[in-house]
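Down below is the structure, laid out as structure tokens.
Labels below follow one simple rule: chain letters A, B, ... track the order of the sequence lines, proteins then strands, and each chain is numbered from 1. Both backbone and side-chain heavy atoms feed into the values below; hydrogens, waters and symmetry mates do not.
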2 protein chains.
Amino acid sequence: MSDLLERLRGRGWRMTAQRRVVAEVLDGEHVHLTADEVLARATARLPEISRATVYNTLGELVTLGEVTEVTTDGRAKRYDPNAHRPHHHLVCSRCGAIRDVHPDGDPLADLPASERFGFTVSGVEMTYRGLCPDCS
Amino acid sequence: MSDLLERLRGRGWRMTAQRRVVAEVLDGEHVHLTADEVLARATARLPEISRATVYNTLGELVTLGEVTEVTTDGRAKRYDPNAHRPHHHLVCSRCGAIRDVHPDGDPLADLPASERFGFTVSGVEMTYRGLCPDCS
DNA sequence: GTATTGACTTGGACCTGGTCCATCGTAGGA
DNA sequence: TCCTACGATGGACCAGGTCCAAGTCAATAC
């Protein structure tokens with residue numbers, strides 16, 4: 001994720017300890033943390049970081065397209081740093097575990113014009129539901 | 001939706017004025033109301049109905065499989081009475097308008113075993129995003 | 001190296017959506 | 001018509017998130 005820090009700097013982002021820590025916490029594959037989890041992990045590294053800053057920073061990362069928001073349960077939003085590789089999600093209905101998945105085909109092409117109702121369709125999110133190995 | 005009332009009675013549901021009003025408010029196609037909107041419309045017909053009752057009743061309808069919960073924006077859940085005809089949703093990114101849509105193909109079949117990570121996959125939700133005619 | 005300044009951070013108040021619970025009311029069976 | 005268990009009520013409470021005035025500091029200019 002150090003290339004993320006580079007990209008952000010290149011965009012004129014003012015680099016602060018808080019922002020660096022939030023970006024570092026989001027590093028990795030299959031990371032889908034809630035804002036509170038990000039706060040907890042960030043606090044472990046930088047105890048005086050505030051909740052508002054975590055929310056601000058996450059919001060900026062989303063606006064910049066570096067991170068996507070995922071809502072799988074109507075409760076806390078989750079933040080997915082894997083924004084440059086399009087993918088969908090597979091969620092365990094029991095324990096909430098989340099995996100990134102890459103289905104075959106192009107779901108956008110599967111929506112015929114007659115089902116678009118004049119909308120300009122730009123994207124699609126798919127959430128597969130099921131039971132993970134531990135829960136089934 | 002009077003057949004809904006019949007089905008509920010058949011399942012031993014105790015019929016009260018409040019439950020009847022909530023069920024009636026959810027009648028129709030392309031209805032995607034938030035709990036607060038349901039409460040507002042129910043209050044118009046039955047002024048003394050309480051918020052807790054609306055939440056309770058919506059929860060029961062969901063449990064019974066008569067209504068599905070839809071979360072399109074991480075804010076308020078929406079309640080979709082069109083639960084017996086499987087479908088997905090098309091959402092305007094600007095104004096939040098929602099349409100039911102029926103894409104071609106079978107998205108479940110598009111998730112190969114190698115992308116299932118041992119999950120027992122049982123369903124999928126698709127949310128198409130775009131701009132509605134009024135907003136584009 | 002220092003001064004400057006506007007962007008960033010802070011903590012606490014506040015908001016929205018939702019849940020819980022003790023108490024009261026009533027649908028529907030006997 | 002009476003009884004009673006199930007349902008309704010409203011107000012407290014909770015989680016997740018946003019807002020704001022005041023203080024802090026990264027980056028630029030010198």
Side-chain angles (χ1 to χ4, degrees), chain A residues 5-25 32-64 66-80 96, chain B residues 5-6 8-25 32-64 66-80 96 98:
Chain A
L5 293 178
E6 282 315 307
R7 279 203 300 279
L8 295 174
R9 212 188 305 266
R11 298 209 204 191
W13 230 41
R14 190 141 141 190
M15 191 50 57
T16 67
Q18 291 83 346
R19 287 175 166 186
R20 195 188 329 273
V21 164
V22 170
E24 284 170 3
V25 162
H32 304 94
L33 300 174
T34 64
D36 264 8
E37 289 166 349
V38 172
L39 173 59
R41 298 190 186 196
T43 301
R45 301 186 189 203
L46 186 67
E48 65 278 22
I49 195 171
S50 76
R51 210 159 71 103
T53 296
V54 169
Y55 276 100
N56 287 342
T57 306
L58 289 172
E60 286 155 14
L61 288 169
V62 169
T63 302
L64 293 172
E66 297 290 347
V67 163
T68 55
E69 272 179 359
V70 185
T71 311
T72 55
D73 62 354
R75 300 184 59 85
K77 293 176 190 164
R78 292 178 175 274
Y79 293 88
D80 183 344
Chain B
L5 293 178
E6 282 314 308
L8 296 175
R9 213 187 305 264
R11 297 208 204 190
W13 230 42
R14 191 143 139 188
M15 192 50 57
T16 67
Q18 292 84 345
R19 288 175 166 187
R20 195 188 329 272
V21 165
V22 169
E24 283 170 3
V25 161
H32 304 93
L33 299 175
T34 64
D36 264 8
E37 288 165 350
V38 171
L39 173 59
R41 298 190 185 196
T43 300
R45 302 185 187 203
L46 187 66
E48 65 279 20
I49 194 171
S50 76
R51 211 160 68 104
T53 297
V54 169
Y55 277 101
N56 288 342
T57 306
L58 289 172
E60 286 156 13
L61 289 169
V62 169
T63 300
L64 293 172
E66 296 292 345
V67 163
T68 55
E69 273 179 358
V70 185
T71 311
T72 55
D73 62 353
R75 299 184 59 86
K77 291 175 190 164
R78 293 178 174 276
Y79 293 87
D80 183 342
I98 303 178

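- Look at B:R11 and B:E66 and you find a salt bridge, because one of the NZ, NE, NH1 or NH2 atoms lies within 4.0 Å of a carboxylate O, short of that distance.
- Note: CG (B:L46) to P (D:dG7) measures 17 Å, nearest angstrom.
- For A:R41, the CZ atom is loosely surrounded, since the number of other residues' heavy atoms within 6.0 Å does not exceed 12.
- At a threshold of 4.0 angstrom between heavy atoms, the contacts of B:T53 include nucleobase atoms, whether or not backbone atoms are also involved.
- A straight line from CZ of A:R9 to P of D:dA27 spans 7 Å, rounded to a whole angstrom.
- Toward the 5′ end of DNA chain C lies the nearest nucleotide of A:A52, the other residue of the pair B:W13 and A:A52 mapping further downstream.
- Checking A:K77 against B:R19, the closest nucleotide of DNA chain D that is more toward the 5' end is the one next to B:R19.
- Within 3.5 Å, no donor on the side chain of B:R51 pairs with an acceptor on the base of D:dG10, nor the reverse.
- In this structure, A:D36 atom CG and D:dA15 atom C1' are separated by 8 Å, rounded to whole Å.
- The phosphate of C:dT9 has OP1 or OP2 within less than 4.0 Å of a side-chain N or O from A:T16.
- Rounding to the nearest 0.5 Å gives a distance of 15.5 Å between CG of B:L33 and NZ of B:K77.
- A sub-4.0 Å separation between OP1 or OP2 of C:dT26 and a side-chain N or O of B:Q18 is absent.
- Each of A:G12 and B:A76 lies near DNA chain C, and the nucleotide nearest A:G12 is the one positioned closer to the 5' end.
- With hydrogens and angles disregarded, no donor-acceptor distance shorter than 3.5 Å links the side chain of B:R19 to the backbone of B:W13.
- Between the side chain of A:R14 and the base of D:dA27, no donor-acceptor pair of N or O atoms lies under 3.5 Å.
- The distance from atom CD of A:E37 to atom C1' of D:dG17 is 15 Å, rounded to the nearest whole Å.
- Here the C1' atom of nucleotide D:dG17 and the CD atom of A:E69 are 11 Å apart, to the nearest Å.
- For A:Y55 and D:dG17, the shortest distance from a side-chain N or O to OP1 or OP2 is below 4.0 Å.
- Nucleotide D:dA15 holds its C1' atom 12 Å from the CG atom of A:D73, rounded to whole Å.
- Protein atom CD of B:E48 is 13 Å distant from nucleotide atom P of C:dG25, rounded to whole Å.
- A donor-acceptor pair under 3.5 Å is formed between the side chain of A:T34 and the backbone N or O of A:E37.
- You'll find that the side chain of B:M15 is closest to C:dG28, out of D:dG10, C:dG18, C:dG28.
- Following rounding to the nearest Å, B:L39 (CG) and D:dT9 (C1') show an atom-to-atom distance of 13 Å.
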